[in-house]
Peer 1: 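Take a look at the following structure, please.
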Amino acid sequence: MRKKEHLSYIITLLFTLTALTFMVVHNFSSFYSNAVSNMDEMGASSLAKEREYLEGYLTKGLDVMQVTAITIEYMMQNGASSEEIEAFLAEESKRYMEDIDANFTGIYGLFNGDYIDGIGWVPDDDYLPREREWYMAAKAAQGRPTIVSPYLDAQTGTIMISVSQLLYDNDSVISLDIVLNQIQIITQDIHMDGMGYGFIIDREGLVVAHSDEAEKGKNYEDDAEMKKLLDKVYQEHGSKNFQTKLYGEDCTVFVDTVMDDWYVTMIISNTKLYQDIRNILMHNIIICVLVFALIASFCTAAFRKIGLHMRKVEEGQRELEKMNEKMVATVAKTIDARDRYTNGHSQRVAKYALELARRMGKTGAEQKEIYYAALLHDVGKIHIPDAIIHKPTRLDDEEFSHIKLHPISGYYILRDLDEMGLIAQGSKWHHERYDGNGYPNGLAGKNIPEVARIIGVADAYDAMTSNRSYRKIMPQEKVRAEIENGKGVQFDPEIADIMLRMIDEDTGYRMKQKGVTEKRILVVDDEPAVLDTVEHILQGEPEYSVSGAASGEEALRVLNGGRVDLVLLDIRMPDMDGFQVCEEIRKISALPVVFMLADKNFETIKKAAAMGIRDYLAKPVTRLALLEVLRSILQEEDYKL
């Protein structure tokens, strides 16, 4: 086209598009605001009814418990015996269920130092009432009635709460258990004209009730997508609504607060919520499309070509990024594999550093950079002699001086890896101390790069929560004390505080090295010489223990009787061959199996690979080949943990 014709075409195209857009916007905006306002009012009204019911139900439980508490206090003040109190509680528990609410399942507590249960439940000898949630919550409330956080009863599958109160003597506590079945029934009716679904959660993310009963009892804090939603829900106070994206779908969320502890939530897909509006909009769009189709048709073809090209570019970038991630992880595994006691160390440090960065509010790109830096923080150890790496006792001063060189070595290996140099900084200065007494440069305070301060905390934490040649994993309380005592001395106080919160949240002590240092190898072969050969090869390797089985049946008995980490399996055996044994093993365990082959037929190897056999060793088995296969496969298994 000539320039003038091209300009005329562009002007015509823009004018047509502008006119059609104005028409659609004008028709759409004429009723949109009213429709949205009405929907907001309907959603708020629906949740308000649920909130009123919940508050009334919980208040009834508080009132009932308080009335009983008054009577119990009177009995205690008048010297009533434990037997008299127990008889009263039994009578009250029965009356609650028969006359007040069948979901009030029993009243109990600690009275004059004795645990008494109104439904006759007798706890085990190691049951400590003062360490139970209902008792501690009542103590914390200092005499005010309190509602204990809901919990899922493992036996009945029901959600329950406890209502507790500290009595006059500042030691005795009375508590009432309430089953939330009625609330579950009501929650199933949370919707707006048949649209959406509702649920009730507490501040810890536990689903107290849900329109879909299968969701009840889950903790949405464990679901990354739902956790994002909860972060917004917790910010709301009173009756509110907001827009969000949930599992890739735009939704409107209505929230109301119950007694400042629970949240009644209704979620409606915008696709359904704005169906009428969308229909009208679609009518206008269809008209626009018909008018605009001929004018814009040639542009479509061009855009498709551009889009196809861009997708290919993006796919290439994603593949390149995946390859980089795998290469970084492989380097980290290679460094860790030099010492069986630090196997998986870099991966764990990277995981802890990533969580610290996330809690510090770092962007996604910053988190990824810090993660890579943590993965590679010990890459300089590649220059440390094996004799020092594998020394089973504490290092002397000269040996430790070699260790102290690894940050410098790592820096020079990594300094050209990224533009900002964060990865190299993390390697060079992760052993600096906040008080300036670290190495290699004695940097102090905020002069230490932030990435190194993050890795320093994560690295120290993993060192204490991993097995070493000279000690076992430290108890969690000692680890916490070390972090606390290191604030402002070894660690950045702000980052250390974040790690302390992570430790406090880790009530099950899961943030530690998984697996065991000694790996159990089962050799299955009908030839005793093969077992002798493997035992001879591994007798100088303390991380392995070897046992044998002369047949498939014996091997299965061994596997059923205890832990085995890897099976070395002969293919040709009487009764059951290696393939049959492998099929039986797969029925009870997914542990790695390595075939020992005298058969060099490639079809046999292909069949083994198809069954998921991890590797195969040619007979006679050689020392170097056996050790390399064992270490590589077992390292992969440890990384899975």
Side-chain angles (χ1 to χ4, degrees), residues 204-206 218-224 226-227 230-231 325 328-329 332-333 335-337 339-362 364 366-378 426 430-431 434 450-487 489-518 634-641:
E204 283 72 43
L206 178 68
K218 292 183 178 179
N219 193 310
Y220 282 164
E221 290 285 346
D222 299 333
D223 185 316
M226 293 302 294
K227 189 177 187 306
L230 295 188
D231 290 341
E325 290 178 359
V328 170
K333 290 179 182 179
I335 299 302
D336 289 350
D339 184 354
R340 66 191 179 97
Y341 284 101
T342 61
N343 194 13
H345 167 70
S346 297
Q347 189 79 16
R348 293 190 299 274
V349 171
K351 181 176 68 173
Y352 302 147
L354 178 64
E355 178 61 16
L356 288 170
R358 185 190 69 78
R359 293 182 181 227
M360 293 170 67
K362 300 300 181 184
E366 290 171 334
Q367 292 179 37
K368 182 177 290 187
E369 194 88 355
I370 291 169
Y371 178 79
Y372 284 154
L375 264 182
L376 296 172
H377 75 283
D378 274 343
H430 69 277
H431 280 297
Y434 205 74
E450 186 179 53
V451 62
R453 283 180 273 135
I454 293 172
I455 296 173
V457 173
D459 188 39
Y461 177 83
D462 185 67
M464 291 185 284
T465 57
S466 302
N467 287 313
R468 289 293 185 267
S469 59
Y470 51 86
R471 63 148 175 83
K472 297 295 184 181
I473 293 173
M474 293 169 59
Q476 189 182 41
E477 59 271 16
K478 182 169 178 57
V479 175
R480 193 191 191 287
E482 291 292 333
I483 297 292
E484 181 71 44
N485 294 335
K487 288 169 53 177
V489 180
Q490 182 176 353
F491 310 121
D492 182 319
E494 297 175 0
I495 300 174
D497 281 335
I498 297 174
M499 177 56 77
L500 289 173
R501 288 196 292 273
M502 291 168 57
I503 294 173
D504 292 339
E505 293 168 10
D506 182 22
T507 56
Y509 200 11
R510 294 183 176 87
M511 291 196 308
K512 62 181 179 180
Q513 182 186 29
K514 306 298 191 301
V516 293
T517 55
E518 183 184 72
L634 292 173
Q635 179 185 350
E636 289 178 358
E637 293 300 306
D638 283 345
Y639 266 90
K640 290 179 182 179
L641 293 176

Peer 1: Nearest 0.5 Å, what's the CE-CD distance between Met464 and Gln476?
Peer 2: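 Nearest 0.5 Å value for the CE-CD distance: 11.0 Å.
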
Peer 1: Check Glu494 with Lys487, please: is the shortest side-chain N to carboxylate O separation under 4.0 Å?
Peer 2: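 No, this pair does not count.
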
Peer 1: Please confirm whether Tyr434 and Phe491 have ring centers closer than 6.0 angstrom.
Peer 2: no

Peer 1: To the nearest 0.5 Å, what is the distance between CG on Asp492 and CG on Leu356?
Peer 2: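 If I round to the nearest 0.5 Å, the distance is 10.5 Å.
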
Peer 1: Rounded to the nearest 0.5 Å, how far apart are CG of Asp378 and CD1 of Ile455?
Peer 2: 9.5 Å

Peer 1: Can you name the nearest heavy-atom pair linking Ala458 to Ala353, along with the distance?
Peer 2: CB-N, 3.8 Å

Peer 1: Working to the nearest 0.5 angstrom, can you tell me the gap between Met499 CE and Asp506 CG?
Peer 2: 10.0 Å

Peer 1: Please say which of Lys512, Arg348, Lys472 ends up in a side-chain hydrogen bond (donor to acceptor under 3.5 Å, both in side chains) with Ser466.
Peer 2: Arg348

Peer 1: Please answer whether the main-chain N or O of Lys362 pairs with a side-chain N or O of Gln367 as donor and acceptor at a distance below 3.5 Å.
Peer 2: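 Judged by distance alone, yes, a pair lies under 3.5 Å.
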
Peer 1: Which heavy atom of Gln490 sits nearest a heavy atom of Ala460, and at what distance?
Peer 2: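 Residues Gln490 and Ala460, closest heavy atoms: NE2-CB, 4.1 Å.
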
Peer 1: Nearest 0.5 Å, please: how far is CG in Asp462 from OH in Tyr352?
Peer 2: 5.0 Å

Peer 1: Considering only NZ, NE, NH1 and NH2 on the basic side and carboxylate oxygens on the acidic side, decide whether Arg480 and Glu484 come within less than 4.0 Å.
Peer 2: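 Glu484 and Arg480: salt-bridged.
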
Peer 1: One thing to verify: whether Glu204 and Lys227 come together as a salt bridge, which I'm taking to mean a side-chain N less than 4.0 angstrom from a carboxylate O.
Peer 2: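 No.
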
Peer 1: Of all the heavy-atom pairs spanning Asp504 and Thr507, show the shortest one and how long it is.
Peer 2: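 Reported closest heavy-atom pair: O-CG2, 3.8 Å.
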
Peer 1: Report yes if some heavy atom in the side chain of Ile473 is under 4.5 Å from a heavy atom in the side chain of Tyr509; otherwise report no.
Peer 2: yes

Peer 1: Does a side chain donor of either His377 or His345 reach within less than 3.5 Å of an acceptor in the other side chain?
Peer 2: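 Side-chain D/A pair, His377 to His345: present.
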
Peer 1: Does Tyr461 use its side chain to pair, donor to acceptor, with the backbone of Ile503 at less than 3.5 Å?
Peer 2: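 Pair absent, no side-chain N/O of Tyr461 close to backbone of Ile503.
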
Peer 1: Whether Lys218 engages the ring of Tyr220 as a cation-pi pair (distance to the six-membered ring centre under 6.0 angstrom, angle to the ring normal within 45°) should be assessed.
Peer 2: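 Not satisfied by the 6.0 Å and 45° rule.
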
Peer 1: Drop me the distance from Arg510's CZ to Thr465's OG1, to the nearest 0.5 angstrom.
Peer 2: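 It comes to 14.5 Å.
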
Peer 1: For Lys351, is there an ion pair with Glu355 - N to carboxylate O distance below 4.0 angstrom?
Peer 2: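 A salt bridge is absent here (no side-chain N lies under 4.0 Å from a carboxylate O).
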
Peer 1: Excluding sequence neighbours, so at least two apart, what forms ring-ring contact (aromatic ring centres under 6.0 Å, His included) with Tyr371?
Peer 2: none

Peer 1: Looking only at heavy atoms, what is the nearest atom pair of Ile370 and Ile454, with distance?
Peer 2: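 Distance-wise, the nearest heavy atoms are CD1-CD1, 3.9 Å.
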
